Structure formats: structure tokens, C-alpha cells
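Comments concern the structure below.
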Amino acid sequence: MTTSWDEVKALEVKEYIEQMTGHPFPSPAPTPEDFFKSLKNGVLLCELINAIKPGAIPVINNKAMPFLQMENIGNYIKACNDLGVPSEYNFMTVDLYEGKNINQVVLNVINLKRHVGHGFEKAGSGAPLPKLVSIKGDDQTVSSVGSPPIHSEKPTPVGGPSKFGVAYKPGISPPTPGVDCVACNKTITAAILNACDKTYHAKCFTCKKCGVALQMSKYYEDAKKPYCEKCIYQLKSGPAPVVGKTKDMGFKFGGK
């Protein structure tokens, strides 16, 4: 039905759906066939979306009719788009309903989980899903070695003070009704990013100067505004000295 099956990721997806919806998979084993049987009607996926954003899919079809089950899947895919999951991580209805690409379905749920700030908890732990986010990566990211750290709800310092100030990793808290993003002035319906005594959508948390995304990076704060490492260096260092400036020696030419 599919190739290159990643059982670890599949188990993580299974546990995530079960923990978010409160409903166990009809089929217990994380195999492609079990995923196909468990998710084919789209019901669990729609319930997952509604657990993330209540009421996002107002009608879930429970009847065993092909066009209604495909409608469930289509509603789930649309909800993923609406929540901001990049299109390359979504799948087509036939990928699930006909079992053509169950791997892509697993990849989609993993990225949905990441996008709404529910982190990358290890599969098979059996522990309740924390309403926190974990972050990993390289370059400016907080940590690139070992297991990714779980974020607290408040910004936390990264390393010691430098001549440019203290670097922080942003805090992440679960969705709370009525909280707006200071950058776009829209209500935050997924994970809330906390930084500079303000609240942001994860995608809206960017360097004030250059616009680089900071939701997965350390940041520096100046006047309650976030900056990347490069821009805080430029800000704190001041303007570069002018090279080769001519000194006025008092000579005048062409005058009387």
C-alpha cells in the first residue's frame, strides 16, 4: 500500500491523535494497513482539528458512505490549509481514501502537530501530551544537539549575557480564547508565542529590522522589540566608520 514506512513517526501520530481526541485508534498497530483502516473515513482527523481549534469543522459525517467519508477528508485538508500548514505537507483525498500514500498522511499530521506548537514528544512514552512546544535545528536555533528542549510558557535566557544583551528563546503557551497577535492584530487560535512582554502568532514573530523568522531561534530584545543576532550586533555597534574621509586643510582654489 505504501513504501518506506516509518513506524516511529506513525506511532507518534497515533498517540498524538489519541491524546488530542480522547479516542483510541480502531486498529492498534501502527502499520500502513491499520492507519488506512483507522483514518479512511476521516472522522478521527476531523476530531483532531476540532480538538486543536474547536468548531473548525462543524459537521463530521459518521455514515459509511464513500462521498461523505471523502468529504470528511477534504474538510480536514482544508482545515490544515486554514491553520497554515504548508501545502507541501498536505495530501490529496485519494492518498488516504484509496491508501495510495499513507506516508504522506503521517507526514501531514507530524507537521500539523509542529505547526500548532505541540512539539515533538517521543513516541511510545505513554505520557500525556504536554501543551508545550519543542524546538530544534541549527544556525540560530536554541539547540541542535541531542533531544530538543521543551519550551516553557515564558521566555527563557540562552547562555550568559553578552555585550549585546541576553539572548532568549520565546515562550510558548497553549491556545487561549481572546488573545491577539501584536504583529497582525488578529486572534491567535493556535499556540501562543510569548516574547518581549507581548503575544504573537509563531509565524509573526520576526526580527524587527530584517524580518527573519525567530519562532525557532534565539532572539535579542531592545526597546521591547525582537532582533536576530546579526541585527542586534548592527544596532548595538552603531554606524560603521567612514573610510577615507578627506580632512579639510583650509586651502581654497579658484577664489580671490
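Note that the coordinates shown come from a computational prediction; the quantities given were computed from them, not determined experimentally.
Rounded to the nearest 0.5 angstrom, C207 SG and K230 NZ are separated by 10.0 Å. Note: N50 CG to M20 CE = 10.5 Å, rounded to the nearest 0.5 Å. In this structure, the separation between CD on E15 and CZ on F25 is 10.5 Å, given to the nearest 0.5 Å. Annotation: the span from E12 atom CD to I17 atom CD1 amounts to 11.0 Å, rounded to 0.5 Å. Rounding to the nearest 0.5 Å gives a distance of 10.5 Å between CG of D197 and NZ of K154.
Put simply, the side chain of N101 never gets that close to the backbone of D95: no donor and acceptor are under 3.5 Å apart. Between the side chain of H115 and the main chain of I110, no donor-acceptor pair closer than 3.5 Å is present. The backbone N or O of T199 sits nowhere less than 3.5 Å from a side-chain atom of N194 that would complete a donor-acceptor pair. Using modelled atom types, no side-chain atom of Q69 and backbone atom of K40 make a donor-acceptor pair closer than 3.5 Å. A donor-acceptor pair under 3.5 Å is formed between the side chain of N41 and the backbone N or O of V43. Within the 3.5 Å criterion, the main-chain N or O of N185 finds no donor-acceptor partner in the side chain of D180. Not one N or O on the side chain of D222 forms a donor-acceptor pair closer than 3.5 Å with the backbone of Y227.
Between the side chains of E221 and Y168, no donor-acceptor pair of N or O atoms lies under 3.5 Å. Defined by atom type and a distance below 3.5 Å, a donor-acceptor pair is present between the side-chain atoms of Q234 and K209.
Taking every heavy atom of both residues into account, G99 and F36 meet most closely at N-CE1, 3.5 Å. For the pair G22 and P24, the tightest heavy-atom approach, listed with the atom from each and the gap, is O-CD, 4.0 Å. Closest of all the heavy-atom pairs between C46 and N72 is SG-O, 3.3 Å. The minimum heavy-atom distance linking A10 with W5 is given by the pair CB-CZ2, 3.3 Å.
Under the 4.5 Å side-chain heavy-atom criterion for grouping Ile, Leu, Val, Met, Phe, Trp and Tyr, I192 is not connected to L214 through any hydrophobic cluster. A continuous path of Ile, Leu, Val, Met, Phe, Trp and Tyr side chains, each step under 4.5 Å between heavy atoms, connects L83 with L48, placing both in one hydrophobic cluster.
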(request) With side chain to side chain contact (heavy atoms under 4.5 Å, CB included) as the test, would you mind laying out the steps for V109 and L45 before giving the verdict? (result) CA-CA 9 Å; V109 179; L45 292 178; 4.2 Å; yes
(request) Kindly indicate, with the supporting measurements, whether the criterion side chain to side chain contact (heavy atoms under 4.5 Å, CB included) is fulfilled by H201 and C184. (result) CA-CA 8 Å; H201 287 107; C184 68; 3.3 Å; yes
(request) Might you work through the side chain to side chain contact (heavy atoms under 4.5 Å, CB included) test for I188 and Y200, ending with a clear yes or no? (result) CA-CA 7 Å; I188 303 172; Y200 298 83; 5.6 Å; no
(request) Could you check V106 against F35 for side chain to side chain contact (heavy atoms under 4.5 Å, CB included), going step by step and ending with a plain yes or no? (result) CA-CA 9 Å; V106 171; F35 260 65; 3.8 Å; yes
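In this structure, the side chains of H23 and L44 come closer than 4.5 Å at one or more pairs of heavy atoms. L112 is listed as a side-chain neighbour of I49, based on a closest heavy-atom distance under 4.5 Å. Considering only heavy atoms from C-beta on, C228 comes within 4.5 Å of C210 through its side chain. At least one side-chain heavy atom of T31 sits less than 4.5 Å from a side-chain heavy atom of E33. Using a 4.5 Å heavy-atom cutoff, the side chains of L107 and D6 are not in contact. A 4.5 Å side-chain heavy-atom check between I102 and L96 finds at least one atom pair inside the cut-off. At a threshold of 4.5 Å between non-hydrogen side-chain atoms, the residues K14 and Y16 do not count as touching. By the 4.5 Å heavy-atom criterion applied to side chains, N75 and I73 are not counted as neighbours.
The 12-atom threshold is exceeded at NZ of K198, counting heavy atoms of other residues, nucleotides or ligands nearer than 6.0 Å.
Not less than 6.0 angstrom separates the ring centroid of Y233 from the ring centroid of Y220.
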Show which side-chain atoms of residues 87-94 pair as donor or acceptor with protein atoms under 3.5 Å away, not counting sequence neighbours.
unit_1: N90; atom_1: OD1; unit_2: N108; atom_2: ND2; d: 2.8
unit_1: N90; atom_1: ND2; unit_2: N81; atom_2: OD1; d: 2.6

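Partner L193 forms a side chain to side chain contact (heavy atoms under 4.5 Å, CB included) with one of C181, P170, P155 and no other, that one being P170.
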